[in-house]
Amino acid sequence: MSSPVNPVVVDDNRPATPPVAVVPAGQSGHGRTAFVRRQPARIVDGRCEGGYTDLFELICPGCGDRPYLDYSEVAPRLQWLRGPRPLEAALAVYHKHIGQA
Ligand SMILES: [Zn+2]
């Protein structure tokens, strides 16, 4: 925890967040908050550890997912939503999810 403080804050007062697009708390609708990111190898205490895999996952806060949770910590339906998938497939699911298929 000796690294510089990350100024980006998600909801729940959790200061640690992966380097991805962060949506301010209070917004609603998964279409506006969902995003695709490279899958972290592992997330511990909200931090990515071990680098990233070659796959991508869809994170949808509107569906109850939280970017700081490890894959093993989210519900099965969110795991399905995350994938992970190759980039093209992840983007296809993303566009479908937000209604732009
Ligand atoms: Zn959603």
Side-chain angles (χ1 to χ4, degrees):
M1 298 294 277
S2 60
S3 57
V5 174
N6 188 336
V8 179
V9 176
V10 193
D11 53 2
D12 299 332
N13 294 320
R14 306 231 3 187
T17 184
V20 295
V22 173
V23 177
Q27 288 193 11
S28 61
H30 58 211
R32 299 180 62 184
T33 58
F35 59 91
V36 172
R37 72 175 178 187
R38 186 177 283 269
Q39 183 191 35
R42 209 154 62 97
I43 298 179
V44 177
D45 289 336
R47 292 178 179 278
C48 301
E49 288 197 351
Y52 295 84
T53 71
D54 289 332
L55 295 173
F56 293 80
E57 56 186 10
L58 170 62
I59 304 296
C60 183
C63 284
D65 203 354
R66 294 292 179 267
Y68 51 74
L69 292 178
D70 185 73
Y71 187 85
S72 63
E73 296 182 284
V74 300
R77 67 186 176 87
L78 295 176
Q79 291 181 347
W80 180 89
L81 198 60
R82 285 191 178 200
R85 303 172 177 88
L87 180 57
E88 271 188 34
L91 289 176
V93 170
Y94 168 78
H95 288 300
K96 193 172 185 178
H97 194 72
I98 65 175
Q100 293 181 1

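Remember, predicted model here, so these are calculated numbers, not experimental data. Numbering of ligands and ligand atoms starts at 1, following listing order.
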Specify the closest pair of heavy atoms between Thr53 and Arg38, including all atoms of both residues, with the distance to one decimal.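 Taking Thr53 first and Arg38 second, the nearest heavy atoms are O-NH1, 2.9 Å.
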
Cys60 versus Leu81, closest heavy-atom pair with distance: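 Smallest interatomic distance, heavy atoms only, reads CB-CD2, 3.7 Å.
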
May I ask you to list the protein N, O or S atoms found at less than 2.8 Å from the Zn ion (ligand 1)?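 Checking every protein N, O and S atom gives His30 ND1, Cys60 SG, Cys63 SG, His97 NE2.
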
Pro61 side chain reached by Arg66 side chain, heavy atoms, under 4.5 Å: yes

If I take atom CG from residue Asp54 and atom CG from residue Leu87, how far apart are they, to the nearest 0.5 angstrom?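 If we round to the nearest 0.5 Å, Asp54:CG and Leu87:CG are 11.5 Å apart.
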
Inter-residue atom distance Phe56.CZ - Glu88.CD, 0.5 Å rounding: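 Rounded to the nearest 0.5 Å, the CZ-CD separation comes out at 11.0 Å.
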
Pairs meeting criterion side chain to side chain donor-acceptor pair (under 3.5 Å) with involvement of residues 71-86, two or more places apart: Asp65-Arg82, Asp70-Ser72

